[in-house]
K.L.:
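Submitted below is the structure of interest, expressed as structure tokens.
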2 protein chains.
Amino acid sequence: MGWSTQATARDVAALANVSAQTVSRVANGAENVSPETRARVLEAMAKVGYTPNGAARALRSGRSDMIGIVVHHLTRTGEANIVQAVATTAHDRGYAVTLMDASTGAASDLNEALARIGPGVAGVVVLGLETSDVDRLKAPGRLPVVVADSRSLAHPAVGFDQRGGAQQAVGHLLGLGHACVHMLAGPQSSLQSRLREHAWREFLTAAGRPVPPVLRGDWSPASGYAAGQVLAADREVTAIFVANDEMAAGLMRAFHEAGRRIPDEVSVVGFDDVLAEYLWPPLTTVRQDFSAVGDGLVRLLLQRIGSPVADPDPVSTVVPAHLVIRASSGPPPGHR
Amino acid sequence: MGWSTQATARDVAALANVSAQTVSRVANGAENVSPETRARVLEAMAKVGYTPNGAARALRSGRSDMIGIVVHHLTRTGEANIVQAVATTAHDRGYAVTLMDASTGAASDLNEALARIGPGVAGVVVLGLETSDVDRLKAPGRLPVVVADSRSLAHPAVGFDQRGGAQQAVGHLLGLGHACVHMLAGPQSSLQSRLREHAWREFLTAAGRPVPPVLRGDWSPASGYAAGQVLAADREVTAIFVANDEMAAGLMRAFHEAGRRIPDEVSVVGFDDVLAEYLWPPLTTVRQDFSAVGDGLVRLLLQRIGSPVADPDPVSTVVPAHLVIRASSGPPPGHR
DNA sequence: CTGAAAGCGCTTACAG
DNA sequence: CTGAAAGCGCTTACAG
């Protein structure tokens with residue numbers, strides 16, 4: 001019964017009067033076992049509480065039922081959501097999940113994490129690749145790797161439709177009657193931020209509107225607060241698209257302190273929907289379906305594990321984003 | 001060089017002109033190897049990029065360099081923080097971390113997760129045990145288990161000083177001059193909530209203050225909003241201690257909508273410090289040091305793994321909480 | 001300080 | 001449909 005005396009395939013074999021590899025066949029769901037034998041083996045397994053020894057299986061077969069996941073900022077709600085979804089989907093398909101954290105999002109740290117986690121796993125999901133050096137990501141040998149929310153030439157990816165999300169945000173604000181939409185972007189090193197900014201610029205230009213100079217933060221509420229102080233002083237500003245919810249929180253705080261009312265005087269739209277419903281006023285924002293990304297990552301990875309030959313044309317998937325309208329956006333002052 | 005042709009101890013042995021188990025000794029840091037031999041082996045290891053095969057090692061030695069972590073709500077910031085800290089501390093000590101999620105926080109689901117993760121890991125950290133049935137938690141065999149933030153007779157735990165945190169919150173509000181402090185607690189099934197509530201009641205009683213009827217939510221902002229509508233209608237209320245930040249966010253929203261000003265008319269103090277700095281006004285709250293808990297859990301677990309004999313007197317550790325004062329609390333109206 | 005032998009529990013060919 | 005033999009890459013006694 002004790003932990004130290006786990007039942008082995010031989011024990012089951014002896015009890016069921018078969019050989020060890022018939023036990024193995026049953027454990028692995030092989031076809032070529034007679035129904036009676038199978039039943040007898042299953043019964044014996046249940047009786048002794050048999051669980052195949054994963055180490056032995058991995059050693060002999062060279063296969064692993066473990067996938068690795070490299071994270072950087074598990075603390076960020078988005079990343080935590082993806083990890084949760086990855087774990088759930090992986091477990092449903094019989095895979096265990098090993099977590100490895102990289103100290104920073106830089107390619108060198110992610111590569112170190114990959115090297116540490118690589119041996120023993122069947123493949124790896126990489127999250128938190130914020131920097132633009134996606135293509136400096138190098139997996140040891142032919143270890144299958146998929147990355148979250150980044151474009152990569154070397155590895156398939158599952159990401160959000162940044163462009164569509166930004167278009168919806170800007171379109172919503174223009175539709176409310178705002179003549180112009182300002183933007184608070186994230187750091188230039190972030191691909192996500194650049195994609196959102198590009199879509200914003202593109203959309204305004206296509207609509208024949210002026211494109212005001214962009215402000216930049218570092219994703220933190222403090223940087224949003226600083227930008228908010230600048231924007232609150234400018235009476236021309238009536239609508240702001242902020243590249244994430246955290247900066248939007250800081251920005252709105254600056255507006256509250258300056259006595260400028262949201263949405264009566266200024267409309268604000270965020271991105272992510274991780275904080276938005278808690279803020280005051282509740283923030284209109286672009287929601288990302290994190291669990292769809294986690295799920296897609298596992299599917300993609302397992303497909304790659306199935307055929308470990310390098311795919312000449314890596315599959316990439318895009319998960320749609322959609323706008324959630326709350327109370328922080330409305331028509332401009334004096335409109336209608 | 002490829003993944004499929006990982007170098008083995010034999011390759012290293014051949015290159016360094018030693019036997020395989022000398023390689024093993026060097027890989028495991030054994031003392032009884034001459035400096036010259038060690039240097040030669042290390043060089044050979046580096047040359048071929050040797051990484052010991054974990055499966056083989058685990059199979060032969062019966063030991064595992066993997067610890068499991070059972071989570072329930074990775075999405076909650078607190079849990080994500082603890083997981084991150086567990087992973088970091090574990091990796092620093094040479095352990096890999098395997099993640100298993102339980103669908104709910106109920107003991108039965110956690111036990112199922114334990115059974116799945118048990119084989120192959122050296123020990124398990126259990127998080128998210130919110131329900132009161134801690135002692136229905138059953139690990140297979142003699143698998144070492146430690147639990148986060150719960151009292152348990154069966155397993156050692158690392159938790160927060162709920163009592164001290166609640167005392168600081170209530171003491172802060174009384175110290176500002178409030179005659180009474182209302183409370184919005186979490187669900188009764190939560191041990192954490194009960195501890196916070198008990199400390200609040202105890203503190204008010206000791207201070208000779210009236211103890212108003214407690215309100216209860218389910219940790220969600222929606223439940224905080226509902227409670228906030230009730231409390232905002234009561235002009236007697238000048239100070240509220242809320243059992244977590246999310247409910248405090250909802251509660252403050254209800255006060256904003258009712259036109260009651262924070263902190264001028266009503267002071268609010270939360271618990272957790274996961275959301276507080278983003279809220280408006282920035283929330284005074286009790287901060288929990290999640291990474292200290294994660295770190296403590298790993299230390300405790302490794303200690304247990306070292307001596308797997310059941311400890312008759314399980315160690316329990318308490319991590320102090322401290323109040324972070326922000327803008328949501330101040331003196332009562334008409335006080336100074 | 002170093003090595004030859006055995007075996008952890010499985011699965012993979014190979015026979016029948 | 002079933003089984004006897006061999007071996008995955010290590011580490012654990014045991015010798016020297």
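The chains referred to below are lettered A, B, ... by the order of the sequence lines, with proteins before strands, and numbering in each begins at 1. Note: hydrogens, waters and symmetry copies are ignored here, and every other heavy atom, side chains too, is used.
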K.L.:
Are Asn28(A) and Arg57(A) side-chain neighbours, meaning at least one heavy-atom pair lies under 4.5 Å?
P.N.:
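Asn28(A) vs Arg57(A): side chains touch.
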K.L.:
Looking at every strand, decide which applies to Val23(B) at a 4.0 Å heavy-atom threshold: base, sugar-phosphate, or nothing.
P.N.:
nothing
K.L.:
What is the pairing partner of dA4(D), taking Watson-Crick or G-U wobble pairs with both distances under 3.5 Å in any strand?
P.N.:
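For dA4(D), the partner nucleotide comes out as none, under the 3.5 Å rule.
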K.L.:
For DNA chain C, whose closest nucleotide is more 5', that of Leu59(B) or that of Ser19(B)?
P.N.:
Ser19(B)
K.L.:
Mapping Ala56(B) and Ser61(A) to their closest nucleotides on DNA chain C, which lands nearer the 5' end?
P.N.:
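Final value for this comparison: Ala56(B).
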K.L.:
What I'd like to find out is whether the side chain of Val293(A) reaches to under 4.5 Å of the side chain of Gln288(A), using heavy atoms alone.
P.N.:
no
K.L.:
Just wondering, do Arg38(B) and Val41(B) contact through their side chains at under 4.5 Å, heavy atoms?
P.N.:
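When only atoms from C-beta onward are counted, Arg38(B) and Val41(B) do not touch, as no gap falls below 4.5 Å.
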K.L.:
Could you pick out which residue, Ala55(B) or Ser34(A), lies toward the 5' side of DNA chain D when each is mapped onto its nearest nucleotide?
P.N.:
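Of the two residues, Ser34(A) wins.
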K.L.:
Closer than 3.5 angstrom, by distance alone: can the side chain of Glu79(B) be matched with the main-chain N or O of Leu127(B) as a donor-acceptor pair?
P.N.:
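Such a contact is absent between Glu79(B) side chain and Leu127(B) backbone.
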K.L.:
Provide the start and end nucleotides, 5' to 3', of the part of DNA chain D that has atoms under 4.0 Å from heavy atoms of chain B.
P.N.:
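Using the under 4.0 Å cut-off, the span is dG9(D) to dT12(D).
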K.L.:
What is the minimum heavy-atom distance between Asp101(A) and Ala87(B), and which atoms define it?
P.N.:
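Smallest interatomic distance, heavy atoms only, reads OD2-CB, 3.4 Å.
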K.L.:
What contact category does Asn53(A) fall into here, base, sugar-phosphate, or nothing, at under 4.0 angstrom with non-hydrogen atoms?
P.N.:
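Counting heavy atoms under 4.0 Å across all strands, the contact made by Asn53(A) is with sugar-phosphate only.
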K.L.:
Please examine the side chains of Leu301(B) and Val86(B), heavy atoms only from C-beta on, and report whether any two atoms are closer than 4.5 Å.
P.N.:
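No, side chains not in contact.
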K.L.:
When both hydrogen-bonding distances must be under 3.5 Å and the geometry is Watson-Crick or G-U wobble, what is dA13(D) paired with, if anything?
P.N.:
none
K.L.:
Specify the residue among Asn28(B) and Arg60(A) whose closest nucleotide of DNA chain D lies further upstream toward the 5′ end.
P.N.:
Arg60(A)
K.L.:
Hey, does Arg10(B) reach any base, or is it just sugar-phosphate, or nothing, if we go heavy atoms under 4.0 Å?
P.N.:
nothing
